[in-house]
Each structure stands twice: as C-alpha cells, then as structure tokens.
Amino acid sequence: MSENQPKVIMLVGPTASGKTGLAIQLAQALKTEIISADSRYLYRQLNIGTAKPTEQELSQVRHHLVDCADLDQPWSIGQYKEEAERLIQRLNKDGKIPVLTGGTGQYIRAIRQNWQIPELEADTRLRHTLEIIGEKIGFETLYENLRVMDPTAADFIDYRNHRRTVRALEVIFKTGIRFSQIRSKDESPFDSLIIGLHWQREELYQRIDNRIDRMLDGGFIEEVRDLVSNGYKEPLLRMGVIGYTEVIAFLDNQIDLEETKTLIKRNTRKYVRRQANWFKPTDPEIHWLNAQDPAILEKMLDLVRDHFKAN
RNA sequence: GCCGAGUUAGCUCAGUUGGUAGAGCAUUCGACUGAAAAUUGAAGGGUCCACAGUUCGAGUCUGUGACUCGGCA
C-alpha cells in the first residue's frame, strides 16, 4: 500500500448487529468521524423505523451522510459514492481515518471495488414508459430487445428481473452506449480495513424481533402517521422501506397490529439474508469478529493498529 | 358413551375417476453499477398417524386402533 493512499475503516454487518454503537466507540477511541453507509439514514424524515442513531448518539461523534436528503429527492448509489469518497479524502487530509459503517452492501462494495457507475440520473418517465411497454408486449420480449442491443448485459440480468432490464435499456437509450460497456470496476484508491460483526442467525433474529417490538411501542406508528399526513406516503411506498410499508398498510386498516409485527419481522429477516450476500463469511478481506465478544472494541483497535502500522 | 369432521414438508393446507406427492409461508444459498431496507433467481426438506386387508399397484378404497376438533348425551 502506498503512503499516500487515503485510509478508511469499514465496519459492516447485518441490520441490528450493533454497528451503530460500536462505530461510535471506535471513532471516539480513534478521535475520528463516522461516515454512514446506510441508504435509509440519508433521509431526514426516516427515524425510528430505520433504527437511525439517536440525537444523543449523533452528538457523541461527528456523523456524515445522515439526514442529508429529503424523501421526495431520493439519493442514489452514484451520488452516495461520490460524496462518501470525497469525505474519506477530506478526513484523511485532516489526519483522521474515518469509520465507514452501514448495512447497505451495495454502497460499501461500490467503494471497495471502485465501481465506475454510469453517470446518468434516473429518468422516471422513461422508466415508467418502458414498464408500460413491458406490460404491453411482455417483459420477455422487452428483454429480448435488450439481448439484441447488449448481449453481455442480457447475460448478467435475469429476464424476470424487470427493474434491472428497464435500467439497462434506460442507459442504452439515453447514452447510445451499451450498458455493459459503461459500467466497470477499478482498483480501490483506498487503503481499507474491513471489520465484520458476526452473529448466529437465531440470536440475530431474536434481537431483531425485540427491536421491532420496541420500535412499535416507541412511537414508530406515530412517526408513520405524521409522514403520511405530510404527504410522504407515495415516496415511502415507492421506495419500499421495511417497516414503513407495513405500518402504512396498518394505518389503512388492511392488516391488524399483530400481522403488522409479523410482517415487519419476516421482511427484516429476509433483508438480513440478502445483506449476507454483500458481506460474506468467506470474504477474505473481512475480519470477522464475534459481535458478542466483550473485548470486541480492543480487538478492533488491535486490527486497526496492525493494519495501518506499516504506513 | 354416541354422532360427525379431521390426521400429508417446520406451519397452514391442496391432492382430480387408485399409478409412491404439490402450493403459500418459513428455512438456506445466489445475482446485484444512479430506486438497493429496492428488484430478483435457485435449492433443501415428507416411512402422506399406525397396523391389517382389497389390488399388478393405496395419500387416495375397506376394516381396526391411536390422537385432535366439534356436536349430542
């Protein structure tokens, strides 16, 4: 690793694994700051249901990329990567090794693998049009069109995945270039230490269940009711935020409270399993630590020392 | 005690006129380049309550037993 490579500590793990608290402790010990890698912490309007760090927690250590967007102006992977990388650079200039933490695997991987993301903002109208066409002519036919224009992209996109098919076509139509040609990976410009928090599934599921019960008893329903009355129902449903979707159904009298709880728990477990695809036990770069180890903070500090001592 | 209904995957249940079984949910694994807490693919898992009988062949028909749930006494 070269001397001038900006350094970053990534703290990853599934939802409810304890990242928030440990990141704060770690950042305090290292006198540094936290960069969130959570696609739902970005939005000011989302709080209890996303288990966002509390005011009190946020005041302990400087956090970045939390509460920086509005629900009606959603961020994206491209924007996230740009901002996060800028922050990593800047904090390094101040002599700090930032702690990048969050559960959005795509964001983390984009930085780790230095994804070159097509610089093309989402065109909601075009997407909508393509979806309508897909429904008319059949998504298989739409997909066949993609195969003709960009066979490579068709190879890595499942024809049943409408959303990805539509995005690929969107890029092709708007740029005239094949989707598979504009996206790429690159060597990471950062010297990163990646620490993962490991839990047994059963225990994690239990923690999640408890956390959801606490959210629902702790004002989550009121939070969603306020959002709905402030006109955020549409963006919330479109975005598909676990918890919010189910509570909206509850407020609309489509399901009762018991069912709401069950559904949120079920969907959160599914999310945990999807997250595990981004943070794999077999990933050679992730230093997995047992999340329940009482000495975990010391172990993290050891890892930091060992990893960065060379430079 | 009598009458009725039932017993099939971890759970809830399908299973057509007999040809050794399916769905949803759950569980597990995978994909992911400007919506990603999104979107999406795949897999594992059943001595079909037990025993006997009819039949070339029984989850399916017959008998007996066990258990469950209703109703009546």
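A, B, ... follow the sequence lines: proteins, then strands. Residue 1 opens every chain.
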task = Indicate, with a heavy-atom threshold strictly under 4.0 Å, whether A/Leu120 touches base, sugar-phosphate, or nothing.
result = base
message = Does A/Pro74 reach a base, just sugar-phosphate, or nothing at all? Heavy atoms under 4.0 Å.
response = nothing
message = Under 3.5 Å, is there a donor on one side chain and an acceptor on the other for A/Asp191 and A/His307?
response = yes
task = Using the P atom on both, measure B/C56 against B/A50 and round to a whole Å.
result = 24 Å
ask   = Which part of the nucleic acid, if any, lies within contact of A/Ser184, taking any heavy atom under 4.0 Å across all strands shown: a base, the sugar-phosphate backbone alone, or nothing?
value = base
query = Would one find a side-chain N or O of A/Asn161 under 4.0 angstrom from OP1 or OP2 of B/U39?
reply = no
query = More 5' along RNA chain B: A/Glu119 or A/Gly103, using each one's nearest nucleotide?
reply = A/Glu119
inquiry  = If you compare every side-chain N and O of A/Arg163 against the phosphate oxygens of B/U39 (OP1, OP2), does one of them come in below 4.0 Å?
reply    = no
inquiry  = If the cut-off is 4.0 Å, is A/Lys280 near the phosphate of B/A31, judged by side-chain N/O to OP1 or OP2?
reply    = yes
request  = Test for a donor-acceptor pair under 3.5 Å between the base of B/U40 and the side chain of A/Asp158, counting only N and O atoms.
outcome  = no
key: Under 3.5 Å side-chain donor-acceptor pair for A/Glu33 and A/His64   = yes
query = Which part of the nucleic acid, if any, lies within contact of A/Arg40, taking any heavy atom under 4.0 Å across all strands shown: a base, the sugar-phosphate backbone alone, or nothing?
reply = base
query = When we call it a touch if two heavy atoms are under 4.0 Å apart, what does A/Lys270 touch: a base, just sugar-phosphate, or nothing?
reply = sugar-phosphate
ask   = When all nucleic acid strands are considered with a 4.0 Å heavy-atom cut-off, which category describes A/Ala122: base, sugar-phosphate, or nothing?
value = sugar-phosphate
Sugar-phosphate only, base, or nothing, as touched by A/Asn267 at under 4.0 Å among non-hydrogen atoms = nothing
request  = Would you mind classifying the nucleic acid contact of A/Thr124 as base, sugar-phosphate or nothing, using non-hydrogen atoms under 4.0 angstrom?
outcome  = nothing
message = Heavy atoms only, 4.0 Å cut-off, all strands: where does A/Gly49 land among base, sugar-phosphate and nothing?
response = base
inquiry  = What's the closest nucleotide to the side chain of A/Arg266 if the choices are B/A26, B/G34, B/C29?
reply    = B/A26
key: Option from A/Asn210, A/Thr50, A/Ile48, A/Val247 for which side-chain contact (heavy atoms from CB on, under 4.5 Å) with A/Met215 holds   = A/Ile48
Short side-chain N/O contact to B/U28 OP1/OP2 from A/Tyr205, under 4.0 Å = yes
message = Roughly how many Å apart are B/G10 and B/G46, using the P atom of each and rounding to a whole number?
response = 8 Å
note = The side-chain contact (heavy atoms from CB on, under 4.5 Å) partners of A/Asp158 (sequence neighbours excluded) come to A/Arg160, A/Asn161
ask   = Can A/Asp150 and A/Ser180 be said to form a side chain to side chain donor-acceptor pair (under 3.5 Å), step by step?
value = CA-CA 7 Å; A/Asp150 187 348; A/Ser180 59; 2.7 Å; yes
ask   = Which value, in whole Å, describes the distance between the P atoms of nucleotides B/U16 and B/G6?
value = 13 Å
task = List the steps and the verdict of side chain to side chain donor-acceptor pair (under 3.5 Å) for A/Glu223 and A/Tyr244.
result = CA-CA 9 Å; A/Glu223 178 182 329; A/Tyr244 294 76; 2.6 Å; yes
inquiry  = Quick check on B/A36: is either OP1 or OP2 less than 4.0 Å from any side-chain nitrogen or oxygen of A/Tyr107?
reply    = yes
request  = With heavy atoms under 4.0 Å as the rule, sort A/Glu131 into base, sugar-phosphate or nothing.
outcome  = base
message = Rounding to an integer number of Å, can you tell me how far A/Arg112 CZ sits from B/C32 C1'?
response = 15 Å
Separation of A/Tyr143 OH from A/Leu169 CG (nearest 0.5 Å) = 11.0 Å
task = Among the candidates B/U33, B/A31, B/A36, find the nucleotide nearest to the side-chain atoms of A/Lys185.
result = B/U33
task = With C1' as the reference atom in both, quote the distance from B/C49 to B/G30 in angstrom, rounded to an integer.
result = 38 Å
Pair assignment for RNA chain B - dot-bracket with | for other-strand partners, Watson-Crick or G-U under 3.5 Å = (((((((..((((.....[..)))).(((((.......))))).....(((((..]....)))))))))))).
ask   = Can you tell me if the side-chain N/O atoms of A/Thr268 get under 4.0 Å from OP1 or OP2 in B/A37?
value = no
inquiry  = Students often get this wrong, so: under 4.0 angstrom with heavy atoms, is A/Gln116 touching a base, only sugar-phosphate, or nothing?
reply    = base
ask   = Does NZ or CZ of A/Arg183 come closer than 6.0 Å to the centre of the six-membered ring of A/Phe156, within 45° of the ring's axis?
value = yes
inquiry  = Test side chain to side chain donor-acceptor pair (under 3.5 Å) on A/Asp70 and A/Gln45; report intermediate values, then the result.
reply    = CA-CA 7 Å; A/Asp70 284 314; A/Gln45 293 84 1; 2.8 Å; yes
query = Under 3.5 Å, is there a donor-acceptor pair between the A/Glu259 and A/Gln254 side chains?
reply = no
query = So does A/Arg127 reach the base of B/A35 with its side chain, donor to acceptor, closer than 3.5 Å?
reply = yes
inquiry  = Quick check on B/U33: is either OP1 or OP2 less than 4.0 Å from any side-chain nitrogen or oxygen of A/Arg164?
reply    = yes
message = Please give the distance between the P atoms of B/A37 and B/U33 as a whole number of Å.
response = 14 Å
message = For the C1' atoms, the ones on B/C61 and on B/G18, what distance do you get once it is rounded to whole angstrom?
response = 8 Å
task = Determine the interatomic distance between C1' on B/G57 and the same-named atom on B/A66; round to the nearest Å.
result = 27 Å
ask   = Nearest-Å distance, CZ (A/Arg167) to P (B/U33)?
value = 9 Å
task = For nucleotides B/G15 and B/U7, find the distance between their P atoms and express it as a whole number of Å.
result = 10 Å
key: Position toward the 5' end of RNA chain B (nearest nucleotide), A/Thr282 or A/Ala51   = A/Thr282
